[in-house]
Amino acid sequence: MDLTNIFMIAMMMVAIVLAVAEVLKKTFNLNTQYMPITSVVIGIFVGLILWPLTDYPVYIMLIAGLIAGLTASGTFDLLKAAKKEGEQ
């Protein structure tokens, strides 16, 4: 198992994590300071949910979920910074 497969799985999961995090943020009025940890937890959870659909062991899907959550968190921060810059 090389890292390329893990990163490919994680990149496919990023869109799911971003969408779920945004829905949770709007639904429960979460403070934006909690979004990075929320994205990581959602990523790990999505990895566990998708695990039965793959041929990979559970720890690979947990790592892919962690990477997806961290990537989604970085994407969220990047979009937030771009939005603030556009307002000025």
Side-chain angles (χ1 to χ4, degrees):
M1 168 71 42
D2 58 354
L3 288 176
T4 306
N5 292 339
I6 296 173
F7 287 134
M8 292 301 291
I9 294 168
M11 290 304 111
M12 289 185 276
M13 291 182 353
V14 167
I16 298 170
V17 174
L18 275 171
V20 172
E22 191 65 27
V23 167
L24 286 176
K25 183 179 92 169
K26 298 290 183 185
T27 303
F28 297 112
N29 278 339
L30 292 178
N31 194 345
T32 56
Q33 72 183 19
Y34 300 119
M35 289 312 294
I37 190 69
T38 304
S39 295
V40 170
V41 170
I42 291 169
I44 292 172
F45 187 68
V46 168
L48 282 175
I49 289 174
L50 295 178
W51 168 60
L53 303 175
T54 65
D55 295 332
Y56 299 112
V58 69
Y59 70 91
I60 295 294
M61 293 305 290
L62 289 175
I63 292 171
L66 177 71
I67 292 170
L70 290 172
T71 304
S73 172
T75 304
F76 176 78
D77 290 339
L78 181 67
L79 292 175
K80 186 173 66 171
K83 183 178 177 183
K84 282 184 180 177
E85 185 176 300
E87 290 175 357
Q88 294 178 359

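Along the sequence shown, residues are numbered consecutively beginning with 1. What's counted below: heavy atoms across the whole structure, side chains too, no hydrogens, waters or symmetry copies.
For the pair V20 and F45, the minimum side-chain heavy-atom distance is 4.5 Å or more. Counting heavy atoms from C-beta outward, V46 and I42 have side chains that approach closer than 4.5 Å.
Distance check: I9 CD1 to T4 OG1 gives 11.0 Å after rounding to the nearest 0.5 Å. Rounded to the nearest 0.5 angstrom, I44 CD1 and I49 CD1 are separated by 12.5 Å. For the atom pair CG (L53) and CH2 (W51), the distance works out to 11.0 Å, reported to the nearest 0.5 Å. Atom-to-atom distance recorded for I63:CD1 and I60:CD1 is 5.0 Å, nearest 0.5 angstrom.
Residues L78 and V17 do not share a hydrophobic cluster, defined by chaining ILVMFWY side chains whose heavy atoms lie under 4.5 Å apart. V14 and V41 are not part of a single hydrophobic cluster, where members link through side-chain heavy atoms under 4.5 Å apart. Residues M12 and L3 do not share a hydrophobic cluster, defined by chaining ILVMFWY side chains whose heavy atoms lie under 4.5 Å apart. Cluster membership check: I6 does not share its hydrophobic cluster with M8, using side-chain heavy-atom separations under 4.5 Å among Ile, Leu, Val, Met, Phe, Trp and Tyr. Tracing side-chain contacts under 4.5 Å through hydrophobic residues (I, L, V, M, F, W, Y), one reaches I16 starting from L48; they form part of the same cluster.
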For residues 27-40, which side-chain N or O atoms pair as donor and acceptor with protein atoms under 3.5 Å away, sequence neighbours left out?
unit_1: T27; atom_1: OG1; unit_2: V23; atom_2: O; d: 2.6
unit_1: T38; atom_1: OG1; unit_2: Y34; atom_2: O; d: 2.6
unit_1: S39; atom_1: OG; unit_2: M35; atom_2: O; d: 3.0

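Residues L18 and A72 come closest through the heavy atom pair CD2-O, 3.6 Å.
The number of heavy-atom neighbours closer than 6.0 Å to CE of M11, taken from other residues, nucleotides and ligands shown, is above 12.
Within the 3.5 Å criterion, the main-chain N or O of G69 finds no donor-acceptor partner in the side chain of S73.
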